[in-house]
Each structure stands twice: as structure tokens, then as C-alpha cells.
Amino acid sequence: NYDYIYGSLIQIDKDQKSIQVELTSVTNTENKTIQAIEYDTLILALGSQSNDFNTPGVREHCYFLDSLHEAKQIHDKIYMSYIDMKQNFIDINSGYNVAIIGAGATGVELIFELATLKKIMSETIFHELKNFKINFTLIDSAERILAALSAKVSNEVVDQLQAIGINILTNCKVSSVDSESIYFDDGREIKADLKIWTAGIKAPPILEKLTDFEKDNLHRLKVYATLQ
């Protein structure tokens, strides 16, 4: 017993207890209109988006994982690269370097899945991958991966990742990225053909426009322990 509205939040009027939503035609995306919707109780569940901290080159040369569309972009990039390896457009002797910047839960899970995918594909449709060196590197500026969890959990995950051949670089703060490499603030650099940024999050842009709400420096809404 609910109504579904396909649109984007534009504004919230707390005094009038209403929201404004921009609706876009699904047959003509140039056709838009604004609809006001009244509420008794409003629940905001807008999620977050990647925060590149204005690091030079990240927005231009890294993939992100904020949406289904971006996840598909990563999938397609990997799949097409494997096809190029199979057809010798990528030199089998040069190797292929995958780097994930950000070793929180998202980065750790993603690099494990990518390494597992490579193994599965090398046993099925891309047998050539068995002879091709693909390097997976997980990077974080903190002293250990999964810094929000206990040291015990972090150490156990490190053991599992290293057991499947994943390189782990901690205490490495990325200073910039270009099409070929990742650069660190201590002067080091590593080559990376595929670069995925999972190093931080911030509130979605709409929250910046909500002037009647108290927010932190990342524009996240401040709430009580009850999330109100």
C-alpha cells in the first residue's frame, strides 16, 4: 500500500512538511516537472557517494562504485581487457595491474571478488589467463586495512588476501593519479592499468542545498542516536 515516484529530491520544507521532487519523462528526458509531496513522517535514505578529496587525476583516471552504472563500467573494462589479453592486444609478458585505492569494507570485498573472478574465468572461457600475470594491489593510507574493525579481523583478512596473491600497501597516501600510474606523497609510484577508488565517502550533492538542516564538514546531516 504505497506509491512509487520516479524522481529526484530537490528541496525539503520542514515548516510545511513537504518535499519537492523533480520528475523526468522516461520517453523524453528533456521533459521535466516539479511535484510537491506532503508528508507526516519523512525518512531520508539517500546514501552517499565517493569522496576523491580533490586528489589530482582521480576523477579523470579512476573508476568509482557509486551506482549500478559504474559497477557495469568496471565489469566491462575488465571483461574487455581479458578479451584483449586473449587476442594478444595486451602483451602477455608485460602483465596487467589492477589497483584499488581504499581498503575499507568496499575495497577489500571488491578486490577479493576481482581476484576470484580472474581465477574462475581462467578456468572457463579465458584459459589464456593462466599464463598471464595479473597483479592485484590494495592501497590504503591507514596503518592497516579495515581500520574501522579490530586488529584481529584486519590481520585475518590480510592473511586471506595474501594467500590468493593480492599485494597490500598500507601507510601509502595517494598524491595524484594519471593514466599509467598512481603516485604517493613519499615519492613512490606504481603502475596501474585499472584504478578503482574506494577511499572515502561524502554526502550526496542534494544535502549541500538543504539549508535548514545542521550538517558536518562533509554535508552529512547531524542526527540524534535515534537517527532523528
Side-chain angles (χ1 to χ4, degrees), residues 1-80 100-114 117 140-142 146-149 174 177 194-228:
N1 188 27
Y2 67 89
D3 291 328
Y4 174 74
I5 297 175
Y6 181 63
S8 301
L9 177 66
I10 299 299
Q11 191 55 266
I12 299 174
D13 188 330
K14 293 195 297 182
D15 296 330
Q16 297 297 321
K17 301 192 73 173
S18 71
I19 63 173
Q20 289 185 337
V21 177
E22 181 181 68
L23 308 180
T24 302
S25 169
V26 295
T27 58
N28 178 9
T29 57
E30 299 297 321
N31 190 7
K32 301 177 184 293
T33 185
I34 304 296
Q35 179 177 336
I37 302 171
E38 296 182 349
Y39 65 85
D40 294 310
T41 299
L42 177 65
I43 299 174
L44 290 176
L46 301 175
S48 60
Q49 68 179 48
S50 296
N51 188 354
D52 62 9
F53 305 101
N54 296 318
T55 307
V58 169
R59 187 60 55 180
E60 297 82 3
H61 302 291
C62 291
Y63 287 86
F64 297 87
L65 197 57
D66 289 335
S67 65
L68 178 61
H69 173 70
E70 290 176 326
K72 188 177 185 304
Q73 286 183 319
I74 295 173
H75 171 272
D76 291 348
K77 170 68 174 177
I78 294 171
Y79 192 81
M80 297 305 174
I100 293 183
I101 305 163
T106 300
V108 168
E109 182 176 357
L110 180 59
I111 202 164
F112 185 88
E113 291 294 334
L114 293 182
L117 175 65
D140 203 279
S141 60
L146 297 173
L149 302 180
V174 174
V177 177
L194 172 61
K195 299 165 282 289
I196 304 172
W197 184 271
T198 61
I201 59 172
K202 61 182 179 181
I206 179 59
L207 294 188
E208 298 179 30
K209 302 176 182 178
L210 301 183
T211 57
D212 294 336
F213 295 82
E214 188 177 2
K215 293 168 282 188
D216 66 8
N217 63 329
L218 296 178
H219 303 291
R220 295 176 299 188
L221 300 184
K222 292 186 177 181
V223 297
Y224 300 112
T226 56
L227 298 182
Q228 295 171 302

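Around atom CD of E60, more than 12 heavy atoms belonging to other residues, nucleotides or ligands sit under 6.0 Å away. Open room surrounds CD on E109; 12 or fewer heavy atoms of other groups in view lie less than 6.0 Å from it. Within 6.0 Å of CZ in F64 there are more than 12 heavy atoms belonging to other residues, nucleotides or ligands. Counting heavy atoms of neighbouring residues, nucleotides and ligands inside a 6.0 Å radius, atom CD of Q16 does not exceed 12 of them.
Atoms CD1 and CD1, on I100 and I196 in that order, are 4.5 Å from each other to the nearest 0.5 Å. Between I12 atom CD1 and I37 atom CD1 the span is 11.5 Å, to the nearest 0.5 Å. In this structure, the separation between NE2 on H75 and OH on Y63 is 13.0 Å, given to the nearest 0.5 Å. Here the OG atom belonging to S25 is positioned 10.0 Å from the CD atom belonging to E30, to the nearest 0.5 angstrom. One distance of note links CG of L44 with CG of L227; it measures 11.5 Å at 0.5 Å rounding. The CD atom of Q11 sits 9.0 Å away from atom NZ of K209, with the distance rounded to the nearest 0.5 Å.
Here the closest heavy-atom approach between residue S50 and residue D66 is recorded as OG-OD1, 2.8 Å. When all heavy atoms are compared, the tightest approach of I206 to I10 is CD1-O, 3.2 Å. Smallest separation of non-hydrogen atoms from T29 and T24: O-CG2, 3.5 Å. Taking each heavy atom of A203 and H219 in turn, the nearest pair found is CB-O, 3.3 Å. Nearest heavy atoms, L46 versus P204: CB-CG, 3.9 Å. Nearest approach of Y39 to D13, heavy atoms of both residues: OH-O, 4.0 Å.
Counting heavy atoms from C-beta on, the side chains of C62 and V177 come closer than 4.5 Å. Residues Q49 and P205 form a side-chain contact, since some pair of their non-hydrogen atoms from C-beta on lies under 4.5 Å apart.
For K222, there are no side chain to side chain donor-acceptor pair (under 3.5 Å) partners two or more places apart in sequence or in a different chain.
Between the side chain of K215 and the backbone N or O of L210, at least one donor-acceptor pair lies under 3.5 Å. Put simply, the side chain of T198 gets close to the backbone of G102: a donor and an acceptor are under 3.5 Å apart. For the pair K77 (side chain) and L194 (backbone), a donor-acceptor distance under 3.5 Å is absent.
Counted by atom type alone, Q228 and T226 present one or more donor-acceptor pairs between their side chains at under 3.5 Å.
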Exercise. What do the steps show when you test H69 against Q73 for side chain to side chain contact (heavy atoms under 4.5 Å, CB included), and what is the final call?
Worked result: CA-CA 6 Å; H69 173 70; Q73 286 183 319; 3.5 Å; yes
For this session: Might you work through the side chain to side chain contact (heavy atoms under 4.5 Å, CB included) test for V58 and I101, ending with a clear yes or no?
Result: CA-CA 10 Å; V58 169; I101 305 163; 5.8 Å; no
